[in-house]
Amino acid sequence: MSIQTGFEDIVRTNVPLSEYTWMHLGGPAEYLAAPTSVEQLGELVKRCREEEVSVRLLGGGSNILVRDEGVKGLVVMLTEAAFEDIRVEKDRVVAGGGAKLGHVISSAVREGRAGLETLVGIPGTIGGALHSNAGGRGGDIGQWTASAKVMTLNGEIHERTREEMSFGYRESSLDELVILEAAFELEEEDPEVLTKRMQKQWIVKKAAQPLAHQSAGCVFKNPRGMSAGMLIDQSGLKGTSVGGCMVSERHANFIVAEEGASSADALALIEQVRNQVAQRLGVELETEIEIW
Ligand code: EPU
């Protein structure tokens, strides 16, 4: 049985992933699916297990660089309504794994729930944000997370309580296949005060990062106590380019790609930056973006 049998409506073959990633680079997914319900997702995951087809989850595509060869197996996107629900309850906000972090933040702010607004400007989905504990200098998403519902590679669903989860710098213990839903424990605050705070943070972030460009998030993790952007800048690498990819002039920890760039350009530039920073400053940088 093919993995498409019975899933003809939702599984497409040979789909370019460049359309779904912020860098707009990279080759196709062998299969790409957007299931319409948790049950259907579970069935599909079980089918892949039976057929020994690998499965990956694609969130907002803002922290991913897909190689030019593309990826084998199935790529799942939680872009259907069943995975994007956002509910504001008494002291918590509950959001589907496919909900955009930005939408969750604005819902929380509108309803006067404080905490998540510190994450304004971070792209991607709730699932992606939790998977790598997205954050910035003002904090990270893990600190607000009260519980999460996940699906394993066997298609089983589990609830993870706060005590069962741990979050570190750009990493979390939530390493199951799918993050279906998460609940955030937030404090009540005046929506107007919150809106002002969020707008202020947005302006600061916009001034510091090339948000409007064709780029993903920060390319490298900050080495303990240092800023990767500052190190790359100090190595004189701003504006360095390979093919159609360039180290951003605005913030050195971003790579901007222009029309016609390839993933091979981005990977070669990443290597070059790593080598130069190691040679000039003796620091080994580690990538934060996931390379598929
Ligand atoms: N700096 C430079 N040159 C540059 C970039 C930065 O000299 O090209 C200097 C700045 O002037 C500042 C210092 O480096 O003194 C730190 O810069 P910034 O405040 O921009 O913070 P960062 O450490 O570069 C981190 C996160 C960002 C997050 C910002 C703001 C990482 C790898 N980066 O950046 O997260 O948005 O703080 O909270 O943790 C991401 O993870 O994708 C990301 C973009």
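Counting starts at 1 for both ligands and their atoms, following the listed order. What you are looking at is a predicted structure, and each value in this text was computed from that prediction instead of being measured.
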Trainee: For Ser37 and Gln40, does a side-chain donor sit closer than 3.5 Å to a side-chain acceptor?
Mentor: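 Not at all, the side chains of Ser37 and Gln40 share no donor-acceptor pair under 3.5 Å.
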
Trainee: Is any side-chain heavy atom of Phe83 less than 4.5 Å from a side-chain heavy atom of Thr125?
Mentor: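 Not in contact.
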
Trainee: Under the salt bridge (Lys or Arg N to Asp or Glu O under 4.0 Å) rule, collect the residues that match up with Glu188, sequence neighbours excluded.
Mentor: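 Testing Glu188 for salt bridge (Lys or Arg N to Asp or Glu O under 4.0 Å), a comparison that skips the adjacent residues, returns none.
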
Trainee: Could you go through residues 217-226 and list every donor-acceptor pair under 3.5 Å that involves a side-chain atom there, pairing it with any protein atom two or more places apart or in another chain?
Mentor:
unit_1: Lys221; atom_1: NZ; unit_2: Glu286; atom_2: OE2; d: 3.3
unit_1: Asn222; atom_1: OD1; unit_2: Ala228; atom_2: N; d: 2.9

Trainee: Report all side-chain donor-acceptor pairs from residues 138-151 shorter than 3.5 Å, counting only partners two or more places apart or in another chain.
Mentor:
unit_1: Asp140; atom_1: OD1; unit_2: Gly142; atom_2: N; d: 3.4
unit_1: Asp140; atom_1: OD1; unit_2: Gln143; atom_2: N; d: 3.4
unit_1: Asp140; atom_1: OD2; unit_2: Asn133; atom_2: ND2; d: 3.4
unit_1: Gln143; atom_1: OE1; unit_2: Asp140; atom_2: N; d: 2.9
unit_1: Thr145; atom_1: OG1; unit_2: Ile141; atom_2: O; d: 2.8

Trainee: Whether the Glu290 and His131 side chains hold a donor-acceptor pair (N or O, under 3.5 Å, no angle test) is what I'd like checked.
Mentor: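 The answer is yes; a qualifying pair exists.
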
Trainee: Ligand 1: which residues have a non-hydrogen atom closer than 4.0 Å?
Mentor: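 Under the 4.0 Å cut-off, ligand 1 touches Gly135, Gly136, Arg137, Tyr169, Arg170, Lys205, Gln209, Gly217, Cys218, Phe220, Asn222, Ser227, Gly229, Met230, Asp233, Lys238, His251, Ala252, Asn253, Phe254, Glu288.
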
